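Encoded as structure tokens, the structure appears first; notes follow it.
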Protein chains: 2
Amino acid sequence: MGRWQPDARTRLQEAALALYGERGYEETTVAEIAERAGLTKRTFFRYFADKREVLFWGSELLEQHMVAAIEAAPASASALDMIGAALDAAAERFEEVREFAGMRHRIIASSHELQERELIKAASMAAAMTAALRARGLGDTAAAIAARMCLIIMQFAYGQWAGDADKTPFRQFARDALAQLREIAASG
Amino acid sequence: MGRWQPDARTRLQEAALALYGERGYEETTVAEIAERAGLTKRTFFRYFADKREVLFWGSELLEQHMVAAIEAAPASASALDMIGAALDAAAERFEEVREFAGMRHRIIASSHELQERELIKAASMAAAMTAALRARGLGDTAAAIAARMCLIIMQFAYGQWAGDADKTPFRQFARDALAQLREIAASG
């Protein structure tokens, strides 16, 4: 029985992150990523549109999971409960890719182009969650604000979690941040 | 006594917004903006680095005013009070440029490049307000979360205000959005 081999997508992601870390995102080519992964450029393009998308693969799935969590929340769920459910869904996805998270976070922080890309993805998630929250009966303003609250908690907690040496679960950072937000909102 | 003439910066802004609205942001050149304003390209570049910056002029000043409002809040001010003070400072700046706001908002919404630029400016404001809130004694997490709360309220209220035909003050939209945020935060 052969050794277990990660699939091509994972090998390409590992190779890309290693190269972006070693020589910089800008300086790395798709040919080099494919070579490091022991695959062809053609295989690379079967999985990713370009070298930028290696870093953002999975973000559509993340959005779908968060929206699904809002849709699946019990009828009695408050707006805050639905935000919590969406964050739990994000936590589950993030923990699956924890090994890449720190490196990914540092690489994105190193490039304006990548930061802008991340911000655009966040705007898409805000729109999708706003629609899901409206479908759950929130008013237009409440849905828009709740979706943005969820996003800022997610982004802030992600930054802490990705840089955390102690392997604290994402869920813990998200809960702490949400507790802070509640405290601030109640401070007036 | 001659008729009052708006200054060169205002004339260039008016000309740029009119042209972006008529023929699109991408299609408009600096030469055309200068010509419409009755000025030279050289004068344009004395005021703006490029045609994009016409739309973002004043954002450094907005950031400074919001930070100054946090710094000037009374010693007894809660985190929420400081967010409110920063939003009031933003309201004051926004009302000065209300006549441009609707057009500006539509033009930015029409272009990915401009949206990305706007998001980068927002990230800069979040960082500046986080630092100001830390200096006022908030913990690292609380300061970061409070700054982001302020930003999402500002962005959401700006969108409503810029598209509002009834000339409702920005401050009203900001207060309503902040009230919704408080209600959601207290709903758990």
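Just so you know, these numbers come straight off a predicted model, no measurement behind them. Below, chain A is the first sequence line, B the second, and so on; all start at residue 1.
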*asked:* Any heavy-atom pair between the side chains of Ile184(A) and Ile83(B) that's under 4.5 Å?
replied: yes

Side-chain heavy atoms nearer than 4.5 Å, only ILVMFWY residues, links allowed to pass through others: does that put [X] and [Y] together?
| X | Y | value |
| --- | --- | --- |
| Ile120(B) | Leu151(B) | no |
| Ile108(B) | Val54(B) | yes |
| Leu181(A) | Met154(B) | yes |
| Trp161(B) | Leu62(B) | yes |
| Tyr25(A) | Phe100(A) | yes |

_Quick check for you: among Gln115(B), Gln180(B), Met82(B), which has the greatest number of heavy-atom pairs under 4.5 Å with chain A?_
Gln180(B)

*Measure across Ala185(B) and Arg182(A) and return the closest heavy-atom pair with its distance rounded to 0.1 Å.*
O-NE, 2.9 Å

_Please find the pair of heavy atoms, one from Ser187(A) and one from Ala79(B), that lie closest to each other, and give the distance._
OG-N, 3.7 Å

*For Glu92(A), does the CD atom have more than 12 heavy-atom neighbours from other residues, nucleotides or ligands under 6.0 Å away?*
no

*Between Thr141(B) and Ala177(A), is there a donor-acceptor pair closer than 3.5 Å when you use the side chain of the first and the backbone of the second?*
no

*Please flag which part of Gln160(A) lies under 4.5 Å from any non-hydrogen atom of chain B: side chain, backbone, both or neither.*
side chain

*Output the distance between atom CE (Met149(A)) and atom CD1 (Ile153(B)), rounded to the nearest 0.5 Å.*
8.5 Å

